[in-house]
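Below is one structure, written out as structure tokens; the observations come after it.
Note that this is a predicted model, so its numbers are computed, not measured. Just the heavy atoms: all of them, side chains too, but no hydrogens, waters or symmetry mates, feed the values below.
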Amino acid sequence: QKIIGNLEKSKENQEKLINQLNKEIDSRREAEKSLAQNEIRQRRILNSLPDTVFLLDRNRIVNWANESALKLAPDIIGRQCDLCMIGADIRQEDCFCRKAHLSNSIQKSIIHRPAVAEKKGETYWEAILIPRFDDQGAATDALVVLRDITERMESIRKIEKLNRHNSLLLEAAGEGIYGVDLEGKTTFMNPAAVRMTGFTEQEMLGKNQHELLHHTKADGSSYPAAECPILTTMQSRKPHFITEEVFWKKDGGSFPVEYIATPVEEEGNVIGAVVLFSDITQRKLLEKQLLHAQKMEAVGRLTSGIAHDFNNLLTTISGYSEILLIRMDKDDPMRDKVQMILQAGNMAAALTRQLLAFSRKQILEIKTINLNHVIDRLTKMLRRLIGENISLKIEFREPHCFIQADAGQCEQVLMNLAINAKDAMPGGGSLSITTDIAHLEAAKPTGFDDIQSGSYVLMQISDSGEGMTEETQKLIFE
């Protein structure tokens, strides 16, 4: 009975053990079924991806590929992966799949397949390789994901080309161009702006443009930032065109500018402004010259009327002087004085011709003259003009000083310089007039613009007076 009891107990244990084994088998089957379902689900997900996905073993043999990969290479399963090698400029040792297996780490790369490898032209692929490991941490295979980024690369190339084109436009522009953000800090500056201001782009970037370029008005007074039209442009969202202001250079100087500031908007919000400016120094000079020409034209019209009236008086003076000389004896003591009157009248007539020439009413008598003869003829009158307390020294170093000129104008130049010298020597002194022949070469500096090589008549007039100030020297040719 005891034996029967033990057998019954053993039978119960066997049934329990069988039940436990059946439960474990069922559980394992459920797990395997779940794993299979998960794998199917994962592969369905991978197959639904537009990216190319496949598995590589340790020998880089493809043992599974999704539908996108099979479309790209129908015979890919079972052969060694060479997608990044076909037609590409990649060496075998640089294959990123090989690198991933050697390093057991995730690898990323951009694969370029030239047009020779693709019937549709060159392609670009973004590749990621992810190693997979078993429970012991040993690498078993690797998941490879390839994404076609050809369109993205083409867009990047177009953007880069557009940026290069815009950069070339900015560099070629003759006007200065720079940008500012909402705080007034410079964001870019083209070469023309660099050239005009003297600041390099690196010196301007991130710096407040108003503090560097626009801090002071033309009259020297401070220019408050709140009044700056460039900052006002961003606040009002309206362009501002300014014509009468100055920009300041790195060396402390300034130049007149004409500029337009335009707000820059992004998605309806102002993010800064762009300033386009021109250096109008030359235009200001031309405007000044035009104003001067208009004034001179008015003076010329007035001069013409005065010259005609003056010429009528000179005709009377010269006429009566000639009559007196005819009636006077050759040894008459007054004859010399009458001759001086006649000479002065003739010189005054020459001055009248110059006034008419200035007013464009008279053509100058340009002819070949010996400058020495002109000076010699004026010597007696010059001595009387400068007075006895000033000595006059005349030296002709070359006897033949022929020039093409109007004799009357030459006489007037000499007389004007002699009178100026007299005024500069109230206490007396010396006046020296020298003529010579000078041989000039265009290759050597002479102090004259557009000089041509050759021989020239050189007339030097000097005095022992106090000289001229720098400001007066600037006006001597007016």
Side-chain angles (χ1 to χ4, degrees), residues 299 303 306-307 310-311 313-314 316-318 320-322 324-325 328-355 357-358 369-403 405-438 447-448 456-478:
V299 171
T303 302
I306 295 174
F310 188 53
N311 195 48
L313 297 174
L314 289 175
T316 303
I317 294 172
S318 298
Y320 278 107
S321 297
E322 291 175 354
L324 284 173
L325 288 173
M328 293 176 72
D329 295 332
K330 292 183 179 181
D331 56 353
D332 191 316
M334 298 299 295
R335 186 178 182 86
D336 185 56
K337 293 180 174 55
V338 174
Q339 285 179 334
M340 291 294 296
I341 294 173
L342 180 60
Q343 186 178 357
N346 291 335
M347 292 181 65
L351 176 58
T352 303
R353 290 197 302 271
Q354 292 179 51
L355 292 173
F358 173 75
I369 59 173
N370 190 336
L371 187 58
N372 292 348
H373 293 170
V374 176
I375 297 173
D376 190 54
R377 189 167 59 244
L378 278 177
T379 300
K380 187 178 292 187
M381 181 170 287
L382 290 176
R383 292 187 188 279
R384 292 180 180 273
L385 280 174
I386 62 178
E388 296 179 354
N389 63 338
I390 297 176
S391 64
L392 177 63
K393 179 183 177 182
I394 297 177
E395 181 182 2
F396 301 137
R397 296 176 182 174
E398 175 64 41
H400 304 295
C401 293
F402 291 102
I403 61 172
D406 181 272
Q409 281 197 322
C410 292
E411 292 173 353
Q412 193 61 42
V413 167
L414 286 164
M415 290 181 64
N416 287 342
L417 291 174
I419 293 172
N420 288 342
K422 175 187 176 182
D423 295 338
M425 298 182 288
S430 63
L431 174 65
S432 175
I433 302 175
T434 305
T435 60
D436 199 357
I437 300 296
F448 299 95
Y456 293 82
V457 171
L458 173 65
M459 180 173 68
Q460 294 178 304
I461 302 177
S462 59
D463 62 64
S464 58
E466 59 188 12
M468 293 182 289
T469 64
E470 187 175 341
E471 290 299 319
T472 304
Q473 290 180 31
K474 294 178 181 179
L475 307 174
I476 59 176
F477 292 111
E478 290 192 355

Quiz item: Should L325 and R335 count as side-chain neighbours, where that means a heavy-atom distance under 4.5 Å?
Solution: yes
V374 and A407 have their tightest heavy-atom pair at CG1-O, 4.4 Å
The reported gap from CG in L314 to CG in N346 (rounded to nearest 0.5 angstrom) is 9.0 Å
Check: Under a 4.5 Å cut-off applied to non-hydrogen side-chain atoms, are L417 and L414 in contact?
Finding: no
NE2 (H400) and NE2 (H373) are apart, to the nearest 0.5 Å, by 8.5 Å
To the nearest 0.5 Å, atom CG of L313 lies from atom OG of S318 at 10.5 Å
So the salt bridge (Lys or Arg N to Asp or Glu O under 4.0 Å) pairs with at least one residue in residues 421-437 (sequence neighbours excluded) are none
Across all chains, not counting sequence neighbours, the salt bridge (charged side-chain N to carboxylate O under 4.0 Å, His left out) partners of R377 are E411
Hits for side chain to side chain donor-acceptor pair (under 3.5 Å) against D329, two or more places apart or cross-chain, chain-then-number order -> none
Side chain to side chain contact (heavy atoms under 4.5 Å, CB included) test vs F396 passes for just one of T434, I375, I433, namely I375
Rounded to the nearest 0.5 Å, the CE atom of M425 sits from the CD1 atom of I386 at a distance of 7.0 Å
- prompt: Donor-acceptor pair, N372 side chain versus E398 backbone, under 3.5 Å?
  reply: yes
Residue set satisfying salt bridge (charged side-chain N to carboxylate O under 4.0 Å, His left out) with E470, at least two apart, ordered chain then number -> none
In this structure, CZ of F402 is separated from CD1 of I369 (nearest 0.5 Å) by 10.0 Å
Residue set satisfying side chain to side chain donor-acceptor pair (under 3.5 Å) with T469, at least two apart, ordered chain then number -> T472
Residues passing the side chain to side chain contact (heavy atoms under 4.5 Å, CB included) test with D336, sequence neighbours excluded, are Q339, K380, R384
Original post:
For Y320, does the OH atom have more than 12 heavy-atom neighbours from other residues, nucleotides or ligands under 6.0 Å away?
Top reply: no
Sorted by chain and number, sequence neighbours left out, salt bridge (charged side-chain N to carboxylate O under 4.0 Å, His left out) with E395 holds for R397
For R383, the side chain to side chain donor-acceptor pair (under 3.5 Å) test, sequence neighbours excluded, returns none
Sorted by chain and number, sequence neighbours left out, side chain to side chain contact (heavy atoms under 4.5 Å, CB included) with I341 holds for I317, S321
For L385, the side chain to side chain contact (heavy atoms under 4.5 Å, CB included) test, sequence neighbours excluded, returns M381, L382, M415
Show me the side-chain donor-acceptor pairs of residues 457-464 shorter than 3.5 Å, one per line, residues at least two apart or across chains.
residue: D463; atom: OD1; partner: G465; partner atom: N; Å: 2.7
residue: S464; atom: OG; partner: S430; partner atom: N; Å: 3.0

Those residues at least two apart in sequence (or on a different chain) that pass side chain to side chain contact (heavy atoms under 4.5 Å, CB included) with E322 are L342
dist L371:CG -> I403:CD1 (nearest 0.5 Å) comes out at 4.5 Å
